[in-house]
Amino acid sequence: MDAPVRSLATKEIVLINAADSASTLFDEAAEPYQANAFPNLGLLTLGTALRTELAARGLSHQVTYFDASVTGNDELISYLEAHAPRLFAVCFSIYTANYVASARIAERVKRLDPNIHTVLGNDGFSAIWRIAMRRRAAFDYGFYGNDVVEGFSRLMADLAERRVVDLGRYPGLVFRDPANNGRIARNEEDPEEFNRLPMVDYSLTRGPFDHDARYLAEQHRSMPSLAARGARGVTIEFARGCLKFGGRRNDYGVPLNACDFCAINPGSRAMIGADAERAWAIIRSAVEQGYNYFFVTTDELPLTFWPLLNRMAERVPDWYRDMHRDDRPRFLCYARADAFKANKLHRIDLMMEQLNYDTFWIGLEAFSTISLRAMNKGISASRNGSQDMLEHNLEAVACAAQRGARIGAGLIVTHLGITPDIMETNFRILDDCLQRHAQAFMEITVNLLYPNPGSLAFDYLRMPSSARDAAGRLGLEVDYDYLRSVQGKYAEEDMIDTDELLLDFMRGCCPAVTIEQAFDYRNRVSELVSSHGIQLV
Ligand code: SF4
């Protein structure tokens, strides 16, 4: 790795995606960490905005993007140690699986030099912001939510100029309030910034370490169709949020309508999107930077942002129209199964025919009505009991197969109150579906439900009555006494052992099934998927 220390005079701000902490339940010995196939768009957006802010103020700080999912944390730590004399700040993108590793790295950096600023953000931090800041003296600042890019950039630049006077003026900032005995405080986000954000500068991925080449190799390994076309993919965002983030939230701010495994931080606004012109400008910017395959990060795009897609089709820009159809960029997006209902199929047709979407990642999750209800998959909590979501799943697969779309799908093989009988029902219907439509599937993930902090499923552990009530509505059972016995741990701890979290969820929320049964069942489902020639990811 080429990691030259340029000049001690040039200060450096490192934006970090740490690799996951090891799991004894899941990790193969040969694979100590799982490389990402696409860059961390949040860090790239922060890095682009920060560079702009620093340059506008005549500050020469170097901004470095470092994704340790492609290098491992040892490389990251070596880099930070070698660069310690000029480090100004280290900023971590947090999700549950990399929180412990990130905290340990932040503590190590503080031991190297306590003056280096440490900053955290992203969904994994937003889910536990208060506990994390209370428990970890090594964390100087955090940012809650997504609409924090300008607040972050301004804070970094103000720290560099030593002119931070009022911590209350940085949107989304989480801090120890000096005016209130160091009490943990949090500023509101600023959703208005969304349409002011700069076009992402993807060259950040080619800093001291060439992440871009590694991402490309991983894309071509995991999606052979991209390799065959020589496609170069990146993540883009022109809208954000989900219909299900609207409505009431629980005491921890988690939307009660959300799917119970969903740990996306909804921010203060359920949904926000660009206009069609800006969406096309975002695409054009990425095309001009050499990319031609776009993973649109927007949640459930055809359902949540149909008016925007429709306007994009009406206002196709000349540069795109002038490209030969084969040269136009292609797109992959998330879609809910109910976006494929008969009365919405024109949306899918428009996306495929006019906007060049060729792959839909559909969270099918399960193949029985009771499983889908248990995961709160309905469009809202109140309609969860009345919609036939199994029918939506089956229709979605059939429609995608008819249209020649490729499907990536997620299957979740456990959930609140699951029983062996429910597992068998899911298996039988999935088997039948694959026998008829296996050719539509590009890849499938098969997982146990993982109760990430920030999800309703995690809150079953810190609010056991919510688990008992949700299961009771479906005639299912939880082990309420067990959940009560672990409640304090999940209400108070930040350094959560991710394996223990899964085991506690299984024992408390799925008492009719052992962890061994769950893994055996996952393996059976995986074998079924593989037997149809579908790639498991
Ligand atoms: S998982 Fe569910 S709640 Fe989360 S973004 Fe998708 S549809 Fe919305």
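In each ligand, atom 1 is the first atom listed, and ligand 1 is the first ligand listed.
Counting non-hydrogen atoms of other residues, nucleotides and ligands closer than 6.0 Å to CZ of Arg507 gives a total of 12 or fewer. The 12-atom threshold is not exceeded at CZ of Arg484, counting heavy atoms of other residues, nucleotides or ligands nearer than 6.0 Å.
Put simply, Cys259 gets within reach of atom 2 (Fe) of ligand 1, with an N, O or S atom under 2.8 Å from it. Contact annotation: Glu300 places an N, O or S atom under 2.8 Å from atom 6 (Fe) of ligand 1.
At a cut-off of 3.5 Å, with distance as the only test, no side-chain donor of Ser466 or Asp459 sits close to an acceptor on the other residue.
Leu448 places none of its side-chain heavy atoms less than 4.5 Å from the side chain of Phe505.
Near Cys262, with a cut-off below 4.0 Å to any heavy atom, the atoms of ligand 1 are 1 (S), 3 (S), 4 (Fe). Ligand-side atoms of ligand 1 in range of Cys242: 5 (S), 7 (S), 8 (Fe), range being under 4.0 angstrom from any heavy atom.
Under 4.0 Å from ligand 1, the heavy atoms of Arg336 that appear belong solely to its side chain.
Using a 4.0 Å cut-off between charged nitrogen and carboxylate oxygen, Arg240 and Asp147 count as a salt-bridge pair.
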